[in-house]
Amino acid sequence: MTKFRKLGRPTGHRMSLLRTMVSQLVKHERIETTVAKAKEIRRLADNMVQLGKEGTQHAVRRAASFVRGDDVLHKLFTELAYRYKDRAGGYTRVLRTRIRVGDAAPMAYIEFIDRENELRQSKPPTPQPPPRAPLDPWTRSRLTRQHAPPKEEKSDPDV
C-alpha cells in the first residue's frame with residue numbers, strides 16, 4: 001500500500017506537478033484544482049509551512065529543494081511563518097466547489113486559513129489545556145470509589 005496518491009502519473013511528472021502547485025498555493029494563497037490533487041497538496045503545503053516555522057538553515061534548504069522561486073521561499077519563511085506561529089497544524093482548507101464540465105471531475109479550492117478574503121472563516125486555534133498535577137495512586141483510588149454508587153443487592157419478593 002502506498003501512503004500517497006499517484007494521480008495517474010509517473011513519479012517525475014507527479015513530483016513536478018505537486019512542486020509547482022504547492023509553490024503557486026504559497027504565492028497566491030488560493031488555487032482551484034481537483035479534490036484528489038488538493039488533498040495531496042494539503043499534505044505537502046502543511047509540511048512546507050512547518051519548515052517555515054522552524055526557520056533553521058536546514059529547513060530553508062529542505063524547503064528550497066521543493067518549492068519553486070525565491071519569492072515563494074521568502075514568503076514561506078517570513079509572512080506565513082509569522083501568521084501561523086501560534087497554530088500547531090492545519091494551515092490549509094479544502095472546499096469542494098463544483099463538477100468540472102469536460103470530464104466530471106470533482107473540483108475544490110485549497111486555501112490557507114487566517115488570511116484576508118478567505119472563503120470561510122476559520123476557527124481560532126484551540127488553546128492547550130493547563131497541565132494537571134499527577135495524583136498518587138491512593139488518592140486516585142479513593143476518588144474513583146467516591147463517584148461510583150454502592151451496589152445494591154437484589155431482593156427476591158417471591159421467597
Side-chain angles (χ1 to χ4, degrees), residues 1-135 140 143-144 147-148:
M1 288 177 36
T2 59
K3 296 187 178 183
F4 54 87
R5 292 167 182 83
K6 295 191 177 178
L7 303 173
R9 290 169 169 79
T11 306
H13 185 193
R14 181 177 60 245
M15 289 310 295
S16 178
L17 172 100
L18 292 174
R19 287 177 62 191
T20 302
M21 292 190 93
V22 168
S23 301
Q24 292 300 310
L25 176 65
V26 171
K27 186 176 183 179
H28 299 289
E29 297 195 10
R30 180 194 306 149
I31 57 175
E32 186 180 23
T33 182
T34 62
V35 173
K37 287 178 196 166
K39 288 179 180 179
E40 274 304 299
I41 294 167
R42 176 177 55 188
R43 248 180 9 100
L44 297 167
D46 284 357
N47 214 349
M48 290 298 115
V49 173
Q50 199 65 34
L51 287 175
K53 284 172 60 175
E54 281 179 31
T56 61
Q57 185 67 34
H58 181 60
V60 172
R61 287 183 176 146
R62 283 179 58 196
S65 71
F66 191 81
V67 296
R68 299 174 191 258
D70 293 336
D71 55 339
V72 172
L73 196 64
H74 183 264
K75 183 174 183 177
L76 198 58
F77 280 85
T78 54
E79 185 180 332
L80 295 180
Y82 179 75
R83 186 188 304 169
Y84 299 121
K85 67 179 186 281
D86 296 330
R87 189 173 284 274
Y91 311 111
T92 54
R93 162 189 310 126
V94 175
L95 295 169
R96 294 171 184 255
T97 56
R98 62 189 173 96
I99 302 295
R100 190 161 56 192
V101 174
D103 58 354
M107 300 295 285
Y109 278 117
I110 179 167
E111 67 176 357
F112 283 111
I113 60 174
D114 293 336
R115 65 181 194 91
E116 294 180 12
N117 301 325
E118 59 185 341
L119 296 175
R120 187 187 315 162
Q121 291 298 318
S122 60
K123 298 174 188 171
T126 56
Q128 296 296 325
R132 295 185 353 193
L135 296 175
R140 184 181 301 146
L143 288 175
T144 56
H147 295 296

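What you see is a predicted model; the values in this text were computed from it and never measured.
Val35 approaches Ala108 most closely through the heavy-atom pair CG2-CB, 3.8 Å. Across Ile110 and Arg42, no two heavy atoms sit closer than the pair CD1-N, 3.6 Å. The shortest non-hydrogen separation linking Gly52 to Ala81 is O-CB, 3.3 Å. Residue Lys37 comes nearest to Met21 through the heavy atom pair CD-SD, 4.2 Å, listed as atom of the first residue, atom of the second, then distance. When all heavy atoms of Leu51 and Phe77 are compared, the pair lying nearest together is O-CE2, 3.3 Å. Residues Val67 and Arg19 share a closest heavy-atom pair of O-NH2, 4.4 Å.
Distance check: Arg83 CZ to Asp114 CG gives 7.5 Å after rounding to the nearest 0.5 Å. A distance of 15.0 Å separates NZ in Lys39 from CG in Leu44, rounded to the nearest 0.5 Å. For the atom pair OG1 (Thr78) and CG (Leu80), the distance works out to 7.5 Å, reported to the nearest 0.5 Å. Between the CZ atom of Arg61 and the OG atom of Ser65 there is a distance of 11.0 Å, given to the nearest 0.5 Å. Note: Asp103 CG to Thr34 OG1 = 9.0 Å, rounded to the nearest 0.5 Å. Note that OG1 of Thr33 and CD of Glu40 are 11.0 Å apart. Values are rounded to the nearest 0.5 Å.
Other residues, nucleotides and ligands contribute only 12 or fewer heavy atoms inside 6.0 Å of the CG atom of Asp70. Counting heavy atoms of neighbouring residues, nucleotides and ligands inside a 6.0 Å radius, atom CZ of Arg62 does not exceed 12 of them. The neighbour count for Arg43 CZ, taken as heavy atoms of other residues, nucleotides or ligands under 6.0 Å away, is above 12.
In terms of the side-chain hydrogen bond (donor to acceptor under 3.5 Å, both in side chains) criterion, residue partners of Gln24 (sequence neighbours excluded) are, by chain and number, His28. Residues satisfying the side-chain hydrogen bond (donor to acceptor under 3.5 Å, both in side chains) criterion with Asp46, sequence neighbours excluded, are Thr92.
In this structure, the side chain of Lys53 engages the main chain of Arg87 through a donor-acceptor pair within 3.5 Å. Side-chain N or O atoms of Thr20 include one that pairs as donor or acceptor with a backbone N or O of Ser16 at under 3.5 Å.
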Task: Evaluation steps, side-chain contact (heavy atoms from CB on, under 4.5 Å), between Val26 and Met48 - done: CA-CA 9 Å; Val26 171; Met48 290 298 115; 5.5 Å; no

- [ ] Quick one: do Glu29 and Glu111 satisfy side-chain contact (heavy atoms from CB on, under 4.5 Å)? Show the steps, please.
- [x] CA-CA 5 Å; Glu29 297 195 10; Glu111 67 176 357; over 6 Å; no

Open item on the list: Go through it in stages, so that I can follow the logic: the residues are Tyr109 and Arg98, the test is side-chain contact (heavy atoms from CB on, under 4.5 Å), and I'd like the CA-CA distance, side-chain angles, deciding distance and then a yes or no.
Closed with: CA-CA 10 Å; Tyr109 278 117; Arg98 62 189 173 96; over 6 Å; no

Open item on the list: Go through it in stages, so that I can follow the logic: the residues are Glu32 and Met107, the test is side-chain contact (heavy atoms from CB on, under 4.5 Å), and I'd like the CA-CA distance, side-chain angles, deciding distance and then a yes or no.
Closed with: CA-CA 7 Å; Glu32 186 180 23; Met107 300 295 285; 3.9 Å; yes

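At a threshold of 4.5 Å between non-hydrogen side-chain atoms, the residues Val72 and His74 do not count as touching. By the 4.5 Å heavy-atom criterion applied to side chains, Leu7 and Leu18 are counted as neighbours. Counting only heavy atoms from C-beta outward, the side chains of Phe66 and Asn47 never approach each other to under 4.5 Å.
Under the 3.5 Å distance criterion, with hydrogens and angles disregarded, a donor-acceptor pair is assigned to the side chains of Gln50 and Tyr91.
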